[in-house]
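Letters A, B, ... mirror the listed sequences (proteins, then strands); counts begin at 1. For the numbers below, each heavy atom of this structure counts, side chains included, while hydrogens, waters and symmetry mates do not.
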Amino acid sequence: MIAIIDYEAGNICSVQNALERLGAPYQLTADPELICRADKVILPGVGNAAQAMASLRASGLDTEIRSLRQPVLGICVGLQLMCRSSEEGPVDCMGLLDARVRKFPETPEAKVPHMGWNSIGNLEGKLFKDLPGGSYVYFVHSYYPELCPDTIATCRHGDTLFSAALRWENFYGTQFHPEKSGSVGAAILQNFLAL
Amino acid sequence: MVAKRIIPCLDVKDGVVVKGINFEGLREVGDAVEMGVQYARDGADELVYLDISATREGRSTFAELVKRIARGIDIPFTVGGGIGSVEDAARLLEAGADKISVNSSALADPSLISRIAEKYGSQFVVVAIDAKCVEGRWICTTHGGTRFTDRELFSWAREAQERGAGEILFTSMDHDGTRAGYACGVYAQLDSLLSIPVIASGGAGSVQDIVDVLTEGRASAALAASIFHYNQIPIPALKRALQQANIPVRL
């Protein structure tokens, strides 16, 4: 069973719909016991990182997430909460991934938010199994995780090269939305489920 | 680099996809979810579903349909038509829409744009503008181009951006349904005026028309309906042609 962490982090039904399309049983839950027992855990999130971090802390779920040993996937703001800190607030995050999250500089060539389909490269590890570099995935964000030793995929927006995905031990995160990224996104989710 | 997008647009009336020219002589063309799934498989980058139902029953059918669309397709989609309040937008967000588009209701009350954008973010708000050229001035219209407003296209697009719109979807009512090409010059002017992406709509009849609006017209995305519905231009072939024209596209 997959646990999708439920912590008032905006509209997350697209993640549920994606798991349904893949035929993967899941439960939307904030119950620490269920989360702990799940085979895989997904931390979704849209909206403001500081607010999302506050609701995670208020429910004590941040401590719970840190203690997990099964594969955990943070998506978008969910990933940002697993990083060291975010300039959106600013706010200290869970520090599971070695990146700081910074705001994109706005330029005429690189509009903010970075929204739409962009290609990812330098793909590393099982999350990107059978996916060629240059695959396109869907992004919607104004803040990005820096490059760091945990980076397992990169993307460029204007002059900024950033982490499109990160991994440290059992903690994975994608800045893009695999649940909205067509067949490439479905393959990435399938790879996560197969870990 | 963010890819240029190809967006099939589906007009939905009482739950089924219809197509007509200038809202006259509507013809049923298929099931909204099945068509969306097929377009996503063919390589469409995004979908737009516009509810053109005139009745309350039609509207509630649409909200149910949005849930089915969200379950069925794995690419982003925008829904529009009859969104007159933050609550209407919230209902569609909860049903699974990635973005909403507002048109005449934003013209009637421009604060609607800011109220939705403040609550759900600019990425959620597309402002659609239908305009017609009258003696050299582009005037915003409502009701499928039949009623003129006192707004001018460029100043309204600018105001919509300042109020928090994430994208502008401009349809030239002079070009819509003609299949004689997009209003490229107008899109290029909008692009230089705005910092947010511009989606071009109205007039697509050939691959070259789409190439032109994405290069000369500098649009971020090209939207079309009939050329895709009747498979006049299959999306995979279109994408390859765009790539050959050195336009960044997702293949």
Side-chain angles (χ1 to χ4, degrees), chain A residues 10-22 46-48 51 76-77 88 104 106-121 132 134-143 155-161 176-190, chain B residues 1-7 37 39-47 66-77 89-99 117-126 161 164 166-167 191-192 194-199 218 220-221 239 248-251:
Chain A
N11 185 358
I12 54 169
C13 64
S14 60
V15 176
Q16 293 167 256
N17 286 333
L19 292 181
E20 261 163 43
R21 284 192 297 270
L22 293 172
V46 287
N48 181 289
Q51 282 171 17
C76 195
V77 171
E88 188 175 25
F104 278 120
E106 184 142 12
T107 66
E109 294 74 37
K111 294 171 177 178
V112 180
H114 172 223
M115 180 169 68
W117 295 89
N118 204 335
S119 58
I120 52 175
S135 292
Y136 276 87
V137 290
Y138 189 73
F139 290 90
V140 185
H141 60 129
S142 299
Y143 294 80
C155 179
R156 178 177 293 282
H157 183 47
D159 293 331
T160 311
L161 189 67
F176 55 87
H177 289 272
E179 76 280 13
K180 281 285 162 187
S181 296
S183 55
V184 169
I188 292 167
L189 285 174
Q190 197 72 67
Chain B
M1 188 188 241
V2 179
K4 300 266 187 182
R5 289 167 284 160
I6 296 300
I7 309 177
V37 168
Y39 281 136
R41 222 174 267 157
D42 285 349
D45 298 301
E46 208 169 301
L47 299 170
V66 171
K67 284 187 198 162
R68 281 178 49 223
I69 295 166
R71 283 198 290 266
I73 71 164
D74 57 7
I75 59 171
F77 70 99
R91 206 171 307 125
L92 293 165
L93 175 85
E94 279 156 26
D98 297 284
K99 309 177 193 179
E118 274 160 26
K119 191 142 188 206
Y120 301 111
S122 285
Q123 83 291 335
F124 183 60
V125 187
V126 179
Q161 170 178 295
E167 288 174 292
D191 178 72
S192 42
L194 304 172
S195 63
I196 56 177
V198 177
I199 303 167
R218 301 201 297 270
S220 294
K239 285 285 195 79
V249 286
R250 176 180 75 108
L251 282 175

With a 4.5 Å limit on heavy-atom distance, are the side chains of Ile196(B) and Lys111(A) in contact?
no

pair Ile75(B)-Trp117(A): side-chain heavy atoms closer than 4.5 Å:
yes

Heavy-atom contact with chain B under 4.5 Å, split by part of His114(A)
side chain

What part of Glu179(A) gets within 4.5 angstrom of chain B, counting heavy atoms only: side chain, backbone, both, or neither?
backbone

From [atom1] ([X]) to [atom2] ([Y]), nearest 0.5 Å:
{"X": "His177(A)", "Y": "Asp74(B)", "atom1": "NE2", "atom2": "CG", "answer": "14.0 Å"}
{"X": "Ser119(A)", "Y": "Arg250(B)", "atom1": "OG", "atom2": "CZ", "answer": "12.0 Å"}
{"X": "Cys13(A)", "Y": "Lys67(B)", "atom1": "SG", "atom2": "NZ", "answer": "9.5 Å"}

Mind listing the closest non-hydrogen atom pair of Asn118(A) and Val2(B) along with its distance?
ND2-N, 3.9 Å

Contact origin within Ala40(B) toward chain A - heavy atom pairs under 4.5 Å
neither

Interchain contact, Lys99(B) with chain A, by part (heavy-atom threshold 4.5 Å):
side chain

Check for a donor-acceptor pair, side chain of Arg21(A) on one end and backbone N or O of Arg71(B) on the other, with a separation under 3.5 Å.
yes

Most chain B-contacting option - heavy-atom pairs closer than 4.5 Å, from Ala18(A), Gly158(A), Gly116(A), Gly182(A):
Gly182(A)

